[in-house]
Amino acid sequence: MNDKLTCSTLGCEVAIDGSCLEGHDPIQSCPHFGQPNPVNGPEPPEGSPDTLQEANPEISKVRLPHGEPLSQLDVDAQQLQRAGRLVAIMGDTSSGKSTLLCSLYDRYLRGAFADRSFVASTTLGAFEKLAHLSRAVSGARTPDTKRTYVSDGLQYYHLALVGQENRARRVDLFLSDRAGETYRSAMDHPDAFVALPELSVARVVTLLIDGARLAQPEELHEVLGTAGRMVRAMLDSCALNDTQHLHLVVTKRDEVERSENRSAIEAQVKSLVHRLRTNFGPRLATIQYFAISARDPKGEHEPADGCDALLSAWIDAAEPRVRAVEQNEGPATEFDRLATIERARA
């Protein structure tokens, strides 16, 4: 084989047997003779990425995140690489779960927020899709947020943040998103809460209460009653335990503040929080209350108003204490071993 003989005609074997595919004699009379072979192509110039790759065959490659919402398996895999904090965001239909996620992302696009700066996310594409209807390019007359459907199932959004003063302290937040219809239907079958993995693995469970519905006198008691029953159903079904923190969050605070019944609404909400702390306080690590205005359509509140306190509470939520298990002697039988495991879980 003669590597110096080349032809740009596909299938020509001049380099193998010295004959022209089109029958030119001498072969130098062929207009395609001496041109680069279309399969092998020209040799890459010295110093190009191709020659550098050949010179350094062990160059490591970085797998880039796909940018879409994460599944529970995706979150588990990322947790093996870097420990993070899981926050379950739940609530009835249209309570503002997706809008809360979108407002946090938009706020960090503007710079530092809640004394923390954005450093990374493996779900940037998902955040952008979520925020599309709030962008001018969407053509929408008023900002909106893409709603989550039951068919979407459980999704997680990822935010990695560092402190303004201590940039060495990185916190990875995995924020769940699921259609509100799923949580409402689970109230009819409390055991269904146990089948929702975001509740069992979350350090913080955030229950959103729709402020726009609270501002409607005919819906006030139903909304608060639903929130109370949802908390009871999760505890009675053992979907929550005393190592987890419960955050009650009234969304769309701007609607409540513009209501003529603002004082009565706030009194009813405080009464609900007091009852939940009295009845269920010992069964949870903490019960905290927040009021936010993630996106005020009238512009009377800053974007993500009140979300800084909520975000800080997610990050600062205490980890459960390690429990010591008494063990006088080693288990003599497999049944004794099971008993030891049960005491550890108790």
Side-chain angles (χ1 to χ4, degrees), residues 88-103 133-134 141-150 152 176-190 192-193 196 199 205-237 239-240 246-280 287-301 303-307 309-310:
I89 301 177
M90 61 180 299
D92 208 343
T93 307
S94 301
S95 57
K97 299 180 292 297
S98 298
T99 303
L100 171 58
L101 293 169
C102 182
S103 67
L133 294 178
S134 66
R141 294 185 177 180
T142 56
D144 201 355
T145 306
K146 174 182 175 293
R147 65 164 302 185
T148 305
Y149 296 96
V150 175
D152 294 329
S176 76
D177 187 30
R178 188 194 284 272
E181 291 87 346
T182 302
Y183 297 116
R184 172 171 277 276
S185 62
M187 291 179 59
D188 299 327
H189 307 281
F193 281 115
L196 303 178
L199 298 182
V205 175
T206 301
L207 176 58
L208 304 189
I209 302 173
D210 190 349
R213 294 183 63 193
L214 292 178
Q216 304 298 322
E218 65 276 11
E219 295 195 63
L220 172 62
H221 294 286
E222 179 191 351
V223 173
L224 295 179
T226 298
R229 290 194 301 274
M230 192 172 290
V231 173
R232 176 182 291 277
M234 288 189 291
L235 286 167
D236 289 347
S237 63
L240 300 183
L246 176 65
H247 291 171
L248 300 170
V249 181
V250 170
T251 60
K252 308 170 190 175
R253 185 178 71 187
D254 48 288
E255 297 279 358
V256 174
E257 293 180 354
R258 285 192 284 264
S259 172
E260 296 179 354
N261 301 316
R262 174 180 177 178
S263 298
I265 295 170
E266 292 176 344
Q268 292 284 348
V269 172
K270 289 181 180 178
S271 177
L272 170 67
V273 174
H274 176 73
R275 290 198 307 272
L276 292 178
R277 285 174 174 164
T278 302
N279 296 334
F280 306 123
I287 299 178
Q288 294 179 264
Y289 165 68
F290 302 88
I292 65 173
S293 178
R295 182 196 297 135
D296 181 3
K298 295 189 177 182
E300 297 175 0
H301 289 257
D305 188 18
C307 295
L310 177 60

Taking side chain as C-beta onward, heavy atoms only, is Pro297 less than 4.5 Å from Thr142? no

What do the steps show when you test Ile209 against Val269 for side chain to side chain contact (heavy atoms under 4.5 Å, CB included), and what is the final call? CA-CA 10 Å; Ile209 302 173; Val269 172; 5.7 Å; no

Inter-residue atom distance Ile89.CD1 - Lys97.NZ, 0.5 Å rounding: 9.5 Å

Excluding sequence neighbours, so at least two apart, what forms salt bridge (charged side-chain N to carboxylate O under 4.0 Å, His left out) with Arg275? none

For residues Leu207 and Ala227, report the shortest heavy-atom separation together with the two atoms involved. CD2-O, 3.8 Å

State, yes or no, whether a side-chain contact exists between Asp210 and Glu219 at a heavy-atom distance under 4.5 Å. no

Can you tell me how far apart CG (Leu214) and NZ (Lys252) are? Round to the nearest 0.5 Å. 10.0 Å

By salt bridge (charged side-chain N to carboxylate O under 4.0 Å, His left out) - contacts of Arg258 (at least two apart): Asp254, Asp296, Glu300

Spacing of Leu208 atom CG and Ile292 atom CD1 [to the nearest 0.5 Å]: 6.5 Å

Can you tell me which residue among Leu199, Thr182, Thr206 is in a side-chain contact (heavy atoms from CB on, under 4.5 Å) with Met90? Leu199

4.5 Å side-chain heavy-atom contact, Arg147 and Thr93: yes

Applying side-chain contact (heavy atoms from CB on, under 4.5 Å) to Ser94 and not counting sequence neighbours gives none

For the pair Thr251 (side chain) and Ser95 (backbone), establish whether a donor and an acceptor sit closer than 3.5 Å, ignoring hydrogens and angles. yes

Could you measure the distance from the OG1 atom of Thr99 to the NZ atom of Lys146? Nearest 0.5 Å is fine. 12.0 Å

side-chain contact (heavy atoms from CB on, under 4.5 Å) partners of Asp144, counting only residues at least two apart: Leu133

For Ala233 and Phe193 the tightest heavy-atom approach is CB-CE1, 3.6 Å

Under a 4.5 Å cut-off applied to non-hydrogen side-chain atoms, are Ser98 and Asp177 in contact? yes

Which value, rounded to the nearest 0.5 Å, describes the distance between Leu272 atom CG and His221 atom NE2? 12.0 Å

What are the two closest non-hydrogen atoms of Tyr149 and Ala179, and how far apart are they? C-CB, 3.5 Å

With Arg178 as reference, evaluate Thr148, Asp152, Leu196 under the side-chain contact (heavy atoms from CB on, under 4.5 Å) test and give the passing residue. Leu196

Any residue meeting side chain to side chain donor-acceptor pair (under 3.5 Å) with Arg253, in chain and number order, not counting sequence neighbours: Glu257, Asp305

Output all residues satisfying ring pair (Phe, Tyr, Trp, His ring centres under 6.0 Å) with Phe290, sequence neighbours left out; order by chain, then residue number. His247

Take atom CZ of Arg277 as the centre, draw a 6.0 Å sphere, and report whether it contains more than 12 heavy atoms from other residues, nucleotides or ligands. yes

Run the side chain to side chain contact (heavy atoms under 4.5 Å, CB included) test on Met187 and Thr226 for me, step by step, so that the C-alpha distance in whole Å, both residues' side-chain angles and the decisive distance to 0.1 Å come before the verdict. CA-CA 9 Å; Met187 291 179 59; Thr226 298; 3.8 Å; yes

Does Arg184 come within less than 4.0 Å of Asp92, counting only side-chain N to carboxylate O? yes

Looking at every non-hydrogen atom in both residues, tell me the closest pair between Val250 and Tyr289 and how far apart they are. CG2-CE1, 3.7 Å

Nearest heavy-atom approach of Ala88 to Ser176 is CA-OG, 3.2 Å

If you define the side chain from C-beta out and look only at heavy atoms, does anything of Glu255 sit under 4.5 Å from Arg213? no

Determine whether a donor-acceptor pair (N or O, by modelled atom type, separation under 3.5 Å) exists between the side chain of Ser271 and the backbone of Ala267. no

Around atom CD of Glu218, are there more than 12 heavy atoms from other residues, nucleotides or ligands closer than 6.0 Å? yes

Tightest non-hydrogen contact, residues Val256 and Gly211, listed as CG2-O, 3.6 Å

Checking Leu310 against Leu100 for the side chain to side chain contact (heavy atoms under 4.5 Å, CB included) test, could you report, in this order, the C-alpha distance in whole Å, the side-chain angles of both residues, the deciding distance, and whether it holds? CA-CA 11 Å; Leu310 177 60; Leu100 171 58; 4.2 Å; yes

